[in-house]
Amino acid sequence: MVDGVNGLGDGKEWKKIDDTTKNKDYQNTLDKAMNSIMDGKDTISIDKLRKNSLFANLSDKAQEKFNYIAGIDGDNTTINAEELKVLLSLTDAELKDNTFVFDGSFNTNEKSGLEQATDKEIEAVIKNLVTTDTRKKIEELDTSKYNRSKAFADKVISGDVDESMLAIQDKLQTGFVDKRTGKPLSITQLVMLFEDFVNKSYDKGYQNFYYDVTVDFEKETGIPVKDFGRLRCMGDGDSFTIGDWTYEQGKLTNNKTGETVQMKRATWSNTADNTVPAADGYVGLIQEYSDGQGNVVKYNYEDGENIAPTSANILVNGETKNVDYERKESIDQSLYNFIVR
């Protein structure tokens with residue numbers, strides 16, 4: 001985050017909101033104010049915080065910022081200590097002559113930081129005050145909450161994007177287990193795992209690269225890969241076979257069931273504080289799945305900062321359905337074929 005953001009668009013820089021929140025003495029002051037409210041608890045409910053407090057009657061603009069800050073950790077029903085420190089800092093800040101003044105007087109008037117701070121300035125405060133990984137945006141999905149015995153059609157049309165994607169991943173299971181982790185893998189997860197292994201193997205000085213890299217991959221994972229080849233272009237120009245599946249330039253075909261998957265492999269860069277997942281890596285986006293029996297799922301990705309689909313066009317049991325998904329604030333990396341680099 002760059003110190004000094006032209007928040008008003010008039011060439012004047014607001015530097016103090018960044019300078020002050022980096023200061024250790026000021027952070028200690030916020031700690032005392034935060035501790036008096038949290039009273040030793042890890043979190044408090046938003047309802048409790050809002051009741052009879054300076055956050056009780058917020059303007060629409062301040063409310064929007066309050067909700068964003070409350071959801072930093074992925075849970076917008078409670079406030080944790082560091083989220084509260086961000087809120088307190090913004091209510092302490094008062095804009096005077098295009099400079100934020102911090103005087104230990106918390107309020108939500110029209111000059112307060114909660115009203116006047118730009119999005120970039122709020123992100124600067126978050127960066128300076130959130131020292132632990134409360135913004136962790138990679139999680140392990142708790143699949144126990146889903147009824148995986150439901151019919152595929154019922155699962156895949158779910159408005160919960162995790163449940164829909166889980167239905168696809170269940171269909172794509174290969175029977176192979178990575179012996180290093182003991183985890184079973186879908187074919188899309190295996191594609192990403194193998195390609196990541198290939199990318200990391202270039203400096204090993206193989207005499208016969210395309211053969212030797214598959215031998216080493218099987219030694220490490222216990223999973224055989226056959227017929228590995230590469231066109232002049234990298235990435236989706238690859239072809240290989242794993243079990244019953246053949247991968248050819250981004251398209252997967254199951255030679256026994258007739259299932260097909262169109263996937264797009266891409267480099268993922270964490271370029272903004274709201275990027276999900278908040279990590280650099282590689283992702284395999286499932287664009288289309290067909291079960292070979294007339295059921296087709298097409299996922300749409302219209303959020304450039306999120307690897308989860310935003311909507312889907314689904315043909316199941318002869319009926320076409322369109323489903324919109326809420327934006328994901330945390331991602332299970334296996335479910336969405338993501339590998340951290």
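Among the candidates Asn306, Asp162, Thr188, the single residue satisfying the side-chain hydrogen bond (donor to acceptor under 3.5 Å, both in side chains) test with Tyr336 is Asp162.
Residues Asn28 and Asp31 form a side-chain contact, since some pair of their non-hydrogen atoms from C-beta on lies under 4.5 Å apart. Taking 4.5 Å as the limit, some side-chain heavy atom of Arg148 sits within range of a side-chain heavy atom of Leu166. Between Tyr68 and Asp119, the closest side-chain pair of non-hydrogen atoms is not below 4.5 Å. Counting heavy atoms from C-beta on, the side chains of Phe100 and Thr20 never come closer than 4.5 Å. Between Met38 and Lys85 the shortest side-chain heavy-atom distance does not fall below 4.5 Å. Counting heavy atoms from C-beta on, the side chains of Leu54 and Asn107 never come closer than 4.5 Å. Looking at Tyr299 and Val323, their side chains never come closer than 4.5 Å, going by heavy atoms from C-beta outward. Side-chain atoms of Thr214 and Phe194, non-hydrogen and from C-beta on, do get closer than 4.5 Å to each other.
Cation-pi geometry between Lys171 and Tyr289 is not satisfied (NZ or CZ under 6.0 Å from the ring centre, within 45° of the ring normal).
Around the CG atom of Asn57, the shell of radius 6.0 Å holds no more than 12 heavy atoms that belong to other residues, nucleotides or ligands. Atom NZ of Lys256 has 12 or fewer neighbouring heavy atoms from other residues, nucleotides or ligands inside a 6.0 Å radius. For Lys150, the NZ atom is densely surrounded, since the number of other residues' heavy atoms within 6.0 Å is greater than 12. The number of heavy atoms from other shown groups lying within 6.0 Å of NZ (Lys179) is above 12. Environment of OH in Tyr206: crowded, with over 12 heavy atoms of neighbouring residues, nucleotides or ligands closer than 6.0 Å. Sparse packing is recorded around CD of Glu64, with 12 or fewer heavy atoms of other residues, nucleotides or ligands lying under 6.0 Å away.
With hydrogens and angles left out, the side-chain atoms of Asp227 and Tyr210 include no donor and acceptor closer than 3.5 Å.
Considering CG of Leu114 and CG of Leu87, their distance stands at 6.5 Å, rounded to 0.5 Å.
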